[in-house]
Every structure is written in structure tokens, then in C-alpha cells.
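Scroll down for the structure; my scribbles are underneath it.
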Amino acid sequence: MSGEQILFWLFAVTACAGAISVALSQIVVRMAVSLIVCLSSVSALFFLHNADFVGAVQLMVYVGGTIVLLIFGIMLTSSSPFSKIKTSPAEGFLSAGIGALFLSIIAFTVTQVDWKIQSDKVAAAAPVKVSSEGYNAAADGNTARPLALSFLGLRPDQNGQAPGYLLPFEIVSVHLLVVLIGAAYLARTKRRVAPNA
Amino acid sequence: MDSLGYELSWYLRIAWLLPLLGFAIEVFGGYWGTRKTKTAAYLAIGCIAAGFVLSTVAFCRWNAETGAFSHSGEAAVHEEHASLRHIPFAGQAAVADHAEGHAAEHAEHGSGEHVHGEHASDGAEHGGAQHDEHHAEHQSIAALSGTIYTLGKFGDLEVSIDYYIDSLTILMFMMVTFIATCIHIFAVGYMSDELTEDYVDHFAHTSDGHHVHRPGRFYRFFSYFSLFSFSMLGICFAGNIFQVFVFWELVGICSYLLIGFYTERKSANVAANKAFIVNRVGDFGFIIGLMILWTYCGTFKFGDYEVDGHERPGLFSMVRGHDGELAQQGSDVILKTHGHDGHWQAPQEGESKTIPYTLLVVAGLGVFGGCIGKSAQFPLQTWLPDAMEGPTPVSALVHSATMVAAGVYLAGRFFPVFTTEVLLAIAYVGCITLFIAATIAIVATDIKKVLAYSTISQLGYMMLAIGLGGWAAGLFHLITHAFFKSLMFLCSGSVIHGCHHEQEMPKMGGLRRKMPITAYTMLVGVIAIAGLAIPGTGQLMSLLTFGAVDKPLAFSGFHSKDAIVATALAYTQLNPLHFLLFLTPLVTAGITAFYMFRLWFYTFAGDPRDHHVYDHCHESPKVMWVPLVVLSFFAAFCAANGEQGSLFGMLSFSEPVGLADGMTATGTAAIAVPSHHAVHDVHGTAGAVALLAAVLGTLTAYLLYCRKVVDPENIRNQFSGVYNFLVEKWQFDNLYDAAFVRPSHSVARWCAACDRNIFDAILHGSVKVCIWVATIDRKFDEGIVDGLVNLIGNVTRSVGLSLSVFQTGRMRQYVMFIAVGVVTLFALLFAFMPKA
Amino acid sequence: MSLVLANTPIDLVTEGLGLTGAWAWFVVAVIHTILIGLFFGIPAGVFIWAERKVSGRIQDRLGPTRVGGRFGWLQSAADGAKLIQKEDLVPKDADSLLFRAAPYIVVVASFAAFMFLPFGDGWSAVSTDVGLFLMFAMLSLEVIGVILAGYCSGSKWALFGAMREAAQMISYEIPMAICALIPIIIVGSLNLNEIVRFQSGEGGFPSLTLLNWNIFHPIAAPAFILYFVCATASCKRAPFDLAEAESELVAGFLTEYSGMRWSFFFLAEYASMFAVSAIAAILFLGGWDDGVGIVSGLRSSGHEYSASAIGAVILIAKASKLVLVQIWVRWTLPRLRIDQVMTTCLKYLIPMACALFLAAATYPLVLNRANHGRTDLRSPIGDRVPMRAVEASEAHAVLAAPDSTELAAADGEVTQ
Amino acid sequence: MEAIGLQPVLFVSAVLFVCGVVCMTTKRNGIGILMGVELVLNAANLNFVAFSRYTSLGLDGQVIALFVIVLAAAEAAVALAIALNFYNNHLTIDVDRGDELRG
């Protein structure tokens with residue numbers, strides 16, 4: 001067992017626990033906290049997979065931004081601080097059953113597929129030959145610069161021969177602006193509907 | 001001399017189109033902001049006066065080039081009849097040759113170098129070359145023709161806007177624009193009570209018995225006047241018969257609009273309709289004539305023209321050639337299509353283009369039919385008296401001086417195409433008309449009606465003259481008549497205006513004390529139309545004018561009527577069979593003098609018969625009497641020196657070729673047309689006889705109406721049968737009513753009954769069948785087609801409704817559906833995917 | 001990234017103990033944690049004491065004088081002891097679990113930020129290319145604890161405080177991050193080590209590296225002021241301490257807290273004050289560089305350990321100075337209203353930051369001036385900075401800067 | 001250090017995913033459903049990063065993960081605005097009450 005593996009299993013368990021706790025908790029705030037735990041653990045898993053930039057973004061945007069937004073939403077929409085809106089047990093069981101089936105199917109698929117062969121197939125079909133061992137060039141965990149270059153349309157990891165992401169990057173930027181305006185428009189103060197209406 | 005025709009055509013073209021411009025502005029300009037300004041009148045006067053100025057310019061140019069006005073009188077004196085021999089047939093534009101240099105040389109002799117009109121065909125006739133040398137100096141350009149714009153081409157046939165300019169055209173332009181200007185000015189005064197927003201029409205009543213109130217129509221009156229001027233000038237300007245027809249109809253519509261100017265008055269409406277419908281009868285003949293001519297001659301143009309560089313003869317050249325003779329071959333007339341430079345001859349045998357003689361007669365009669373309608377000749381004379389419903393300036397301009405003269409003008413213009421039979425018919429129609437109208441005028445009491453009948457009668461004189469071959473005499477009378485008749489109408493208008501729209505002569509009397517200017521200018525007109533002269537003053541005049549004038553002192557009417565009577569006498573001498581053609585105008589000359597003086601005495605002399613009218617009447621304003629004075633001057637002196645005068649000379653200048661020597665026709669109408677020489681020989685006799693008749697008529701009128709030697713009442717009672725016959729206008733209206741109107745009405749009623757009983761029944765039956773079919777169709781539609789559609793719709797709807805159960809609106813359920821779906825999909829995949 | 005032992009002496013310890021694999025890894029982690037924990041606790045105590053002293057002096061009084069003899073230097077320890085002894089109260093209406101957890105979240109968040117803070121060249125627990133980014137990420141997690149604390153207290157004062165705090169912190173993070181991006185643009189790296197190295201240069205002792213500091217960069221200078229304002233606000237320090245706002249909200253989100261849990265919030269506050277000040281020092285004030293070339297001279301002459309040690313002292317001194325400025329500001333300026341706070345941020349700071357950002361991005365292109373001769377700014381953006389990624393595609397010559405290999409190699413030694 | 005391998009990561013991601021789905025199906029609170037969505041997105045992200053690390057996907061996986069995070073943030077902002085609107089209109093955040101459009 002290497003340290004990395006220990007950490008992996010540690011964070012894997014926390015992530016799963018957080019996720020399960022999100023699913024099971026009835027109090028929204030606790031759900032949010034569990035989600036924080038889960039997402040932080042996931043970001044740790046990203047670090048473990050040499051995706052330090054993605055992990056940092058996950059922490060910054062997801063945990064520090066999105067979740068805060070969600071908690072904001074909770075605060076703005078709850079009629080009492082720790083209100084619970086419960087679902088019927090039958091629904092819960094049904095969901096649990098479907099979830100279990102779903103999980104078993106995915107688990108079955110995960111275990112049944114030989115990912116190495118699939119990966120090699122993809123690599124063989126790719127126009128630019130890359131190592132089938134995956135992207136590990138920045139094994140020391142420095143992916144910020146390659147990522148930045150790929151957003152500028154350059155691909156150092158593929159000898160510069162694969163297409164970059166300049167256009168999607170720009171589109172996402174515009175998209176974000178649109179979302180900003182749209183969200184501001186949607187969330188602006190409106191006349192509150194009379195309770196009996 | 002670049003192009004005289006082009007230049008003249010431009011003068012006349014602008015003169016012609018200016019009133020149209022005025023009309024457009026007046027119509028589209030609307031009310032000019034208010035109905036109370038005279039802007040429209042000023043505009044109309046400006047247009048027509050500018051037209052007169054341009055016409056005058058054109059006249060001067062023409063005179064300068066041809067000397068027609070300033071020399072022909074003199075020439076007539078010295079050369080007498082001979083000088084007229086060689087005036088080329090109208091339409092054969094006299095041209096020596098084409099060389100322009102020659103043209104310049106000959107210009108001082110008035111020697112016509114025909115000029116190619118800008119568009120014009122080379123309608124040149126080498127007139128002068130065939131005749132004696134000493135005549136050549138009087139030889140001149142008789143006519144200029146050309147095309148302004150081609151409207152359409154149908155093979156060789158061409159419909160275009162042409163011009164045809166000769167002395168007649170220019171004189172007509174002068175006459176029309178001058179008289180129209182005077183009458184326009186007069187109308188400013190006469191129509192001034194229309195300058196209001198609330199005009200009360202005392203002659204029209206609403207259903208509840210009140211007078212009609214309406215806005216004034218001052219501007220409308222003048223816009224119609226402008227349109228009329230345009231149309232009339234268009235007739236004079238026209239270079240082809242179709243163009244004439246177009247403007248003919250435009251003139252007709254103007255007449256209709258102006259007669260019905262007081263549209264609230266039923267009588268005005270009826271009169272307008274009558275004028276229009278009666279004119280249609282004549283125009284029907286006109287169209288037949290047009291069709292025949294186009295079919296056989298293939299052109300409408302008067303003058304020669306050019307197509308693709310080839311000369312083509314116009315109508316006149318085709319029928320008469322350059323020598324004025326018909327080329328008859330059996331029952332056909334050979335059209336002279338062969339030749340060039342205006343020398344048109346019958347082509348070689350076999351190549352000839354012919355027209356059956358009878359059809360040529362019919363064509364002539366047809367065109368003359370149009371003239372009958374327009375000039376109110378027997379038997380279509382009935383509309384003109386009724387047309388007096390229009391405002392008096394309208395009567396003066398449209399129904400005496402110009403429009404009705406258009407018929408005479410056309411008869412004169414189209415003279416070359418008329419055969420002797422047609423001419424005879426014209427003569428007799430004119431003869432009958434002049435007598436009938438004169439007799440009716442004796443008994444008429446409405447001052448305008450008297451003038452209207454006198455107009456018809458005088459037009460009859462003109463027609464008679466043309467029919468007798470006195471082309472120049474007829475048109476001479478046309479011009480002089482225009483002056484004195486417009487003068488008299490304006491005077492009557494002045495009287496009517498002064499008497500507050502009282503038109504009945506029995507209610508007048510003694511007005512000369514109240515309105516002296518009107519009375520004495522009227523007297524000038526009456527003397528002119530009566531044809532009075534002072535016998536024996538010819539020598540005196542000759543002395544006074546150093547021989548320039550040798551005619552007795554007389555107003556214009558004497559000269560022109562003298563010419564006609566002389567022609568008639570000469571004609572009767574050649575054709576004793578037709579002695580009535582001389583006697584009737586002679587007698588009528590007396591009658592004319594009688595009724596005209598009757599009118600004057602009735603109105604202006606004696607004692608006032610109706611003191612109410614007399615007390616309220618007044619002299620007209622200056623704007624009205626100034627035109628009277630001007631016109632009276634011209635009425636008196638325009639025909640100075642008679643047949644040796646400039647006016648007659650100028651007309652003779654454009655006289656159709658061949659007339660001067662007289663003609664002798666054989667066949668159906670075996671008549672002979674007197675030569676100028678013959679006419680001249682009998683001139684003295686005829687003049688004396690005519691003067692005698694006029695003096696007798698005048699004396700009778702004086703005795704009856706001024707001296708009251710015999711009370712006219714007694715005579716009326718004595719001859720009550722004749723009197724009633726005359727009052728009923730020879731029963732023409734009743735005759736037409738019985739012969740045409742009532743039959744038409746009964747046919748119409750019969751048709752209506754047919755419509756109602758037969759066609760409507762069929763229609764209703766078919767409608768019922770349709771409804772029945774439609775009912776069945778509806779049942780089919782509702783039952784089967786709609787049923788099918790509804791079924792589909794219902795099925796869709798019910799399926800949708802049953803499916804919509806799944807649309808629970810619960811988000812979580814949707815997620816559940818997705819999850820279940822994915823799981824199911826996987827299960828199916830696992831179950832059925834073949835193992836790789 | 002891998003968790004790396006950056007400091008050679010600690011490597012020696014593990015080797016000496018004969019530990020390998022997971023165990024060595026574990027021991028190193030523990031040592032790091034203790035070191036950082038110490039560093040997390042001690043300055044906080046010092047700054048709390050300093051705050052009291054400074055406020056005393058500003059208010060013309062003495063402040064703590066007795067505990068620990070002169071200057072009351074053990075005052076913080078005494079306060080701590082008092083607070084620990086206090087009863088741990090949880091209000092009846094509160095969500096007890098989250099109420100208890102909230103202080104830990106705050107403390108852990110600001111503690112974690114220190115993991116990426118380099119005290120000397122390479123002297124950081126975790127050295128990574130995205131170190132600055134991660135520090136901000138960790139600091140931004142603090143707000144969650146604050147919100148939870150406020151929300152789960154079951155008190156309206158606390159809730160209002162939390163709401164204000166959340167709104168304020170989220171808003172001020174935006175201009176702060178943008179200001180922090182400006183030196184990043186100038187340097188071309190997110191790596192804190194590289195940023196400092198960029199400012200200190202390679203020169204020996206008598207070289208004026210002071211002028212290389214970003215504070216003397218025409219665009220970065222105003223950015224520094226903006227950054228410091230935003231940092232103050234995001235640390236909930238006066239004049240932006242609306243979350244606590246004693247005069248209005250009793251104590252804001254802290255209303256229901258007492259004892260040790262209450263002190264944790266302050267611990268975290270002072271720690272994050274130090275953290276943002278240290279970031280400011282690194283980004284704008286040359287980090288551990290002394291300005292005259294002593295540290296870089298030592299390093300180039302092979303005395304890396306001493307260089308790092310002296311550098312650490314210099315950095316701590318710079319950061320402490322900035323903390324003192326924050327304390328000074330707190331006792332000098334009156335508190336803003338909440339709407340003024342938001343207006344300041346949204347209507348002034350963000351546009352200004354954006355303008356500076358644009359200026360910084362276009363500055364080298366517009367002025368076309370070599371930035372103190374170290375990097376050719378006229379070259380394409382990809383060439384501007386040494387980058388390790390180039391190693392992976394050496395053949396890709398376009399991307400390779402002429403002088404990048406050297407720097408990359410140097411950097412690589414440190415991080416591997 | 002040995003590699004962790006692809007399968008454990010995928011398994012963790014599967015757990016996250018299923019938890020997200022269950023969250024979406026059981027939570028009546030609109031914000032709770034949003035959290036479920038975030039979980040699902042994170043599961044996907046984890047997969048992307050794992051494939052990036054262990055297969056030939058290369059840097060693309062991380063890039064896509066970044067896009068997902070960014071878009072998820074945008075989605076959260078809009079969803080939150082919608083949730084606030086929903087709350088304004090229904091005075092509750094219970095999504096089962098928003099069934100005006102049921103068939």
C-alpha cells in the first residue's frame with residue numbers, strides 16, 4: 001500500500017460517505033455540508049490524479065462558489081431554519097431500489113470492461129500517437145500551463161498536433177456572461193404573489 | 001429656313017397644350033385653398049391668352065412665309081379668279097423641290113419650299129411646277145404636316161399624334177384662342193356669383209321645396225373651360241382623322257360637363273344627356289367612316305408621310321391625287337398611291353389599290369354624320385337649343401362660336417374625301433337646317449333660344465356653302481359668325497346677368513336705356529348677322545381706301561353671307577334642278593334679319609314690359625363689357641372687303657385644289673360645281689338680292705315690333721296652327737320622342753320584363769338547384785369528411801389525454817422515469833446483446 | 001501533483017529513520033503539519049497581542065502590560081487559557097452538529113492555506129504550480145464556516161451577520177482575485193516560488209533587486225492597493241467588519257459562540273490576515289527577497305539553506321508589517337454601512353480591477369518595453385515565461401523560450 | 001508508488017452518480033435536487049479526470065472537466081435564480097407543488 005493508495009481510499013471513502021449523506025439527509029443545510037465534504041474529497045482525488053489545476057478549480061469554483069450559492073439559496077428559500085420536506089418512505093425505498101440496480105449495473109460494467117484494451121483501441125485510432133499509459137507527462141502535478149496553452153489553442157501534450165480549445169473557451173466565456181445577465185434578470189425583485197392567489 | 005412646319009407646330013403645340021396644363025393644375029390643385037379666389041380664372045385666362053399670343057406668332061410666321069394673308073387679297077384683285085386656280089389641294093403640300101437653298105431664294109416670293117417637317121413625311125406636292133409661271137409667285141406652302149408622336153404601329157398602320165397646318169388651322173387657332181380669351185374674361189364677371197361657399201341655385205329645388213344650397217364652382221367652371229379649349233385646339237391641330245375623333249369626343253364630354261354645369265337642375269341634366277346622346281348618333285356614322293377609310297386606305301393621316309424612308313400618300317393624296325380628280329375605274333375609285341414628291345397618281349394596272357365608290361360615299365356620309373351631330377344639323381339639331389341650359393359663356397364659346405363650328409371645320413377639312421353625292425347631301429342638309437331653324441327662331445321668346453336657333457341656321461348656311469363647293473365661303477362664314485355670334489351671346493349673357501337670370505324677352509324691353517353698351521354692341525352683332533349693308537358705298541369705299549376696298553360699307557356678316565348666296569346662285573345656274581338651294585338661303589336671309597331685329601327690338605327698344613325686371617337690371621361690370629366692345633369691333637370689321645379681303649384670301653389660299661375651276665360630276669349625282677369665275681360673275685346680283693331680303697326682314701321686324709303697325713299677337717292668333725307648329729319646333733322633339741325614345745323605352749321595358757320573367761327565373765332555378773346540391777354536399781361534408789377529420793382529431797386527443805397522465809409535472813418522477821429507463825435499457829442490452 | 005517534501009533536512013530525517021513508502025510519507029506529513037500548526041498558532045497569538053497593543057497606543061492608552069512581565073506579551077496565552085476553560089454552550093435552537101463543526105471548518109480552511117505558502121525558496125509544505133490559486137481556494141472556504149456558524153446558530157443576529165458576511169466575502173473575492181492576477185500576468189506563472197524568483201532575479205549581493213519588485217511596476221502598484229483593500233475586506237477586518245458589527249448585530253455570526261469555539265474564529269481570522277498579507281508580500285513586495293541581493297547572492301553561492309532561512313525571516317517580517325497596517329487601519333477608520341461596502345466593491349473596485357487587469361495584459365504590448373530586461377515581453381505570450389510543459393514537447397520549438405531551459409531545470413530540481 | 005488504477009475511481013464515481021440520482025428522485029426541496037445534479041456532474045468529472053490519467057484521453061479529459069465545472073457553476077446560478085422565482089411564486093421550495101403543467 002503506497003501513501004497514494006492510502007490517501008485515495010481515504011478520500012474515496014469520504015467522498016462516498018459525503019455523497020450518501022447528501023442522499024440520505026433530510027435537512028438541507030446538512031446536505032450542503034455533506035456536499036462540501038464530498039466535493040472537497042473529490043478535489044483531493046483530482047490532486048491524486050495529477051489534475052492539480054482541475055482540483056484547485058473544483059475547490060475554488062465548486063466548493064467556494066457554487067456551494068456558497070446553494071447555501072445562499074437555502075437561506076433565502078427556507079421558511080424556517082431547519083425545515084424538512086419529507087418524502088414518503090415508499091418513494092424512498094423505490095429510489096433506493098432503482099439506485100441499487102443502477103449502481104450494480106455500473107459496477108458490473110466497470111468491472112467487466114477491459115479498459116486497457118479499449119484505451120489502446122482509442123489510441124490506435126487517434127491521429128496523433130500518444131502513450132496509451134495516459135497523460136502523465138506532468139507527473140509532478142503541474143498541469144496549469146498545458147491547460148492554459150490548450151485553452152489558447154496549443155497542445156503541448158500532443159506535440160501541438162491535436163486541436164486546442166480556443167473556440168470552446170471563448171464560447172464558454174460568452175456563455176458565462178449570458179448566464180450572469182440571465183440569472184440577474186431571473187432573480188431580480190418581483191412582486192410577490194398573494195398567498196391565496 | 002430650317003423647318004417651318006416644325007417651328008409652327010411648336011407654336012401651335014404649346015398653344016394647344018397650355019390649356020391642358022391649366023386644366024391639370026386647376027383640377028389637381030383642387031380648391032386653391034378656398035372657393036372664393038379667382039386664381040383658377042386667372043390661370044385659365046393666362047393659358048388661353050398665351051395660346052392666342054402663340055397663335056398670333058404662328059400666324060405671322062405663316063404669313064411671312066406664304067404671304068397668304070397680306071398678299072392674297074391683293075392677288076385676288078389683280079388675278080381675280082385665276083389666282084385661285086392654283087392653290088393646291090389641301091394636303092398636297094406645295095413644294096417646289098427639296099433644296100433648301102432654293103427655298104431661301106424663293107422665300108421672298110412666298111414661294112414655298114416645302115420643308116421636311118421634323119417627323120413629317122415628305123408630303124410635298126410639286127404644285128407650282130405644273131402651272132403657269134406667273135402663278136408661281138402665289139404658289140406657296142399650302143399645308144405642313146408631320147408626326148409628333150407615334151402611339152402605336154400595327155404593321156403598316158400607324159396611330160399617331162400628327163399635325164396638319166394650313167391657313168385654316170392657323171385661322172382656327174387664332175379665332176378660337178381669341179374668342180375664348182374674350183369669353184374667359186367675360187366669364188370672370190359672369191360667374192363671379194359662384195365665388196362663395198354657399199351658392200343658392202334659384203332654379204333647382206330640393207325635395208322639400210327649398211332652393212339648393214351648394215358650394216360655388218368657380219374653379220370647376222374654368223377647369224372645364226380649359227379642358228374645352230385644349231380639346232377644341234386639338235381638333236384644329238390634328239393631323240389625322242383619328243386624332244380628330246379623339247378630340248371630337250373630348251369636346252363632346254366638355255360640352256356635356258358644361259351643359260350640366262348646374263347639375264342640380266333636372267333640365268340641365270336632361271339637356272346634357274340629350275346633347276351627349278344625340279352626338280353619339282352622329283359619332284356612330286363618324287366611326288363607320290373611320291373604319292372604311294382605315295380598311296381601304298390604311299392610314300388616317302391627312303397629309304403625306306414617310307415610312308422607313310418611303311413616301312406614302314396621306315388620305316387626301318390617295319383620294320384626289322395632285323390634280324383633285326377622282327380616278328374612277330368602273331365602280332371603284334383607284335387610290336393614288338404611286339408617286340413621290342407629292343405627285344401622286346394612280347399606279348399601273350394590276351397594282352392598284354382601290355376603294356368601291358359606294359363605300360367612299362358612305363365614308364364621306366359617315367364623317368359628315370359626325371359633323372351633323374356636332375354642328376346640330378338637321379336631323380340632329382334638337383340638342384343645341386336645350387344646351388342653352390349651361391351658363392351663358394358656355395353657350396357663347398361652346399355652343400355658338402367654336403365647338404359647333406367644329407362640325408363645319410371638319411366638313412371643310414375633310415372636303416377632298418367627299419364625293420359629289422356627299423356634297424349634295426351636305427348642301428341639302430344645310431339648306432333644310434337653315435330654314436327650319438330660322439323659322440323656329442321667329443317664334444322663340446327665350447333670348448338664348450333665339451340665338452341658339454340662329455346658330456343652327458347659320459351653321460346650316462356654312463354647310464350649304466361647303467356642299468355647294470363654296471369651301472372658302474363656308475369657312476369664311478364660320479369665322480365671321482364666330483365673332484358676331486359670340487358677341488351676341490355675350491351680350492345676351494350680359495342682359496341675363498343684368499336682369500338677374502331673366503331670359504324671357506317678353507319680360508324685357510327698353511333695356512338700352514339701362515345697359516347702353518350691351519345694347520349697341522348687340523346691335524352691331526345683329527346688323528352683322530342680318531347681313532345689312534349700305535348699297536352703293538362700294539365706290540365710296542374704293543375712293544376712301546384708294547382702291548384697296550371696293551365693297552359696300554357692311555359688317556362682316558354681309559360679306560360672308562353674300563359669298564354663300566353668290567355661290568348658291570352660281571350653283572343654281574349650273575344645276576337648275578336644285579334651285580331650292582338658292583331660294584331657301586335667300587328667303588332665310590330675310591327671316592334671319594327679321595328674327596334678329598325682333599330680338600333686338602323686343603329686348604332693348606320700346607318700353608319696359610316688366611317693371612320689376614327693368615328696375616332691377618343694370619349695366620354689367622367692366623370685365624364683362626370690355627370683351628363685348630372688343631368682339632364687336634371684330635364682328636364688324638374682320639371680314640373687311642369681303643371676298644377681296646385678307647381673311648377670305650387667306651382661306652382661299654388653302655382651298656382644295658380643283659375647286660377654283662369648278663367640277664362636273666356625272667353618275668348618281670350629276671351636278672356641276674361652279675368655278676370661282678362663275679361665282680364672281682353672279683356676285684353682284686346675289687349680293688343685291690340678299691341685301692334686299694335682309695332689308696325686307698329688318699323692315700318687317702321694325703314695323704311689327706318697334707312701330708307695332710300690326711300687333712304680333714294678332715298674327716299669332718291668325719296663324720295659330722303654324723305658330724304652334726313652330727313653337728313645337730316642327731314637332732321634331734315629339735317625332736323623336738315617338739320614333740325613338742318611346743320605342744326605346746318600350747323595348748327597354750320589354751327587355752326588363754324578359755330579364756325579370758325569363759332570365760331571372762332561369763337564374764333562380766339554377767340557384768335553387770345549386771342550393772339543393774350544396775345542401776347535399778354540406779351533409780356529405782359534415783357527415784363524412786368532417787366526421788373523418790373529427791375522428792382523427794378525437795383519436796389524437798384521446799391518445800394525448802391518456803398519455804398526458806404521465807405528464808405529472810413532478811420533476812422527481814421524471815428523474816425516476818429516466819433512471820428506470822436507463823436501467824431497463826441496460827437490462828435489455830445485457831439480455832440481448834451478443835457477447836463480443 | 002504529489003505531496004512532496006520540499007525541505008532537504010526533513011528528507012534527511014526520514015532517511016535517517018530508515019522509513020520508506022507510506023510510513024515515510026506519513027511521518028513527513030505529520031512533521032509538516034506540526035510545523036504549520038505551530039506557525040498557524042503562534043503568529044495568531046502574537047497578532048492578537050499586537051492588536052491590543054496597537055489599539056491601545058492609537059487610543060492613547062497602554063494596552064496589556066502585566067501578563068508575562070513587560071508589555072503583557074503573554075496576554076494571548078492568558079486569554080487562550082481563559083477561553084478554554086469556558087463552558088461550551090450550544091443554543092437550544094441551533095443545529096448542534098453544524099454549530100459545533102463551523103469553527104473547525106473555518107480553522108481548517110485558513111490552516112490549509114498555509115500548506116501552499118512558501119516561506120523561502122522551496123520552503124513550502126506543498127509546492128505546486130497552482131499554489132496561489134489553491135491558497136485563494138482555501139481562503140475562500142472560510143466563508144462556508146462563517147455562513148454555517150451564522151445560519152446554524154438559530155439566531156437572527158447570527159443569520160444577518162452570516163448573510164452579510166457571505167455577500168461581502170464573495171463579492172470582495174472577485175476584485176481580489178483579479179488584482180492577484182496582475183502580477184501573475186506580469187510574471188507568467190501561478191507558482192509562488194517562480195513569482196518571487198522573478199522579482200529577486202539572479203544577481204549577487206550588490207544588486208538592486210528592489211526595483212524588480214512588482215510594487216514598482218506601474219500597473220501592479222495600484223493593483224497592490226486594491227488587493228490590500230479587498231484582502232482587508234475578505235478577512236472581515238474593519239472598516240469592513242459588517243459581519244460582526246457589534247453596534248448593530250451584537251456580534252454578528254459570533255453572537256451565539258463563546259469559549260474556545262469563539263476563539264477559533266479569531267484564530268482563523270488572524271491567521272488568514274497573515275496569509276493574505278504573505279500573499280501580498282509575495283506577489284507585490286518581492287517575497288523573501290531583501291531588495292539588495294543578499295539572499296539571492298547566498299543562494300547562488302551555494303548556501304541555499306541559509307538563504308531560505310533568511311528569506312523566511314524577511315517574508316514573515318514583510319507580512320507582519322502588512323498585518324500591522326491592517327490593525328492600524330482598523331483602529332483608524334470608521335465602519336462602512338453594508339450598502340456602502342457593496343457599492344465600494346461592485347461599483348468601484350471591480351471596474352478598477354478589471355481596468356487594471358486589461359492594462360496589465362496590454363501594457364507589455366503597448367509600451368513594448370522589456371520588463372527590467374529579464375523577459376522579452378515583445379515575444380509571443382507562449383514564449384514569455386519559462387515553462388516546464390515545454391520539456392514534454394521539446395521538439396515543439398515554437399513554444400520553447402530561449403532561456404527557458406535553465407529556469408525550468410532550476411525549478412524542476414526544487415519540485416521533484 | 002503504485003498506480004491506483006482506473007476501476008476504483010470509476011467505482012467511486014458510480015457511487016457519487018447513483019447518490020446524485022437518488023438525491024434527485026427523493027428530495028422534494030428544489031435546492032436538494034440541485035445538489036443531486038452537482039453530485040452527478042462531479043461523478044462525471046471524476047470519470048473524465050480518471051480517464052485522462054489512465055487512458056489515452058490525455059489532457060482532453062481535464063479540459064472537459066474544467067468546462068463541466070464552469071458550466072455547472074453557471075447552471076447553479078441560473079438554477080438558483082429559478083429556485084428563487086419558484087419560491088416567490090409558490091411560497092415554498094417544494095418542487096412537488098410546481099405541477100401546474102401536469103397533464
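Order of the sequence lines fixes the chain letters, A, B, ..., with proteins taken first and strands second; residue numbering starts at 1 for each chain. Every heavy atom of this structure was used, including side-chain atoms; hydrogens, water molecules and symmetry mates were not.
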remark   = Here the side-chain hydrogen bond (donor to acceptor under 3.5 Å, both in side chains) pairs for residues 56-71 of chain A, sequence neighbours left out, are Q58(A)-N42(D), Y62(A)-E38(D)
query = Looking at S43(A), G55(A), A56(A), G65(A), which has the largest count of heavy-atom pairs under 4.5 Å with chain C?
reply = A56(A)
request  = Evaluate the side-chain proximity of I71(A) to Y151(C): yes if any heavy-atom separation is below 4.5 Å, no if none is.
outcome  = no
query = Quick one: CE on M60(A) to CG on L134(C), what's the gap to the nearest 0.5 Å?
reply = 10.0 Å
key: chain C contact via F72(A) - side chain, backbone, both or neither, heavy atoms under 4.5 Å   = side chain
key: chain A interface, residue from A101(C), A162(C), A166(C) that has the most non-hydrogen pairs under 4.5 Å   = A166(C)
query = Under a 4.5 Å heavy-atom cut-off, does chain A meet the side chain of M163(C), its backbone, both or neither?
reply = both
ask   = In terms of heavy-atom proximity below 4.5 Å to chain C, should L69(A) be classed as side chain, backbone, both, or neither?
value = neither
message = What I'd like to find out is whether the side chain of M169(C) reaches to under 4.5 Å of the side chain of V68(A), using heavy atoms alone.
response = no
query = Any idea which of L148(C), I147(C), I144(C), I170(C) has the most non-hydrogen atom pairs under 4.5 angstrom with chain A?
reply = I144(C)
Heavy-atom proximity to chain C below 4.5 Å, by part of V33(A) = side chain
ask   = Quick one: which residues of residues 103-112 of chain C reach chain A at under 4.5 angstrom, heavy atoms only?
value = none
ask   = Given that the side chain runs from C-beta out, which part of L97(C) has a heavy atom under 4.5 Å from chain A: side chain, backbone, both or neither?
value = both
Nearest-0.5 Å distance, CD1 of residue I27(A) to SG of residue C152(C) = 9.0 Å
key: Heavy-atom proximity to chain A below 4.5 Å, by part of A167(C)   = both
Separation of D95(C) CG from R30(A) CZ (nearest 0.5 Å) = 4.0 Å
Side chain / backbone / both / neither for V61(A) at chain C, heavy atoms under 4.5 Å = neither
note = Whatever's closer than 4.5 Å to a heavy atom in chain C on L59(A) counts as both
key: Residues forming a salt bridge (charged side-chain N to carboxylate O under 4.0 Å, His left out) with D339(C), sequence neighbours excluded   = R337(C)
message = List the residues meeting salt bridge (charged side-chain N to carboxylate O under 4.0 Å, His left out) with E170(A), not counting sequence neighbours, and say none if there are none.
response = none
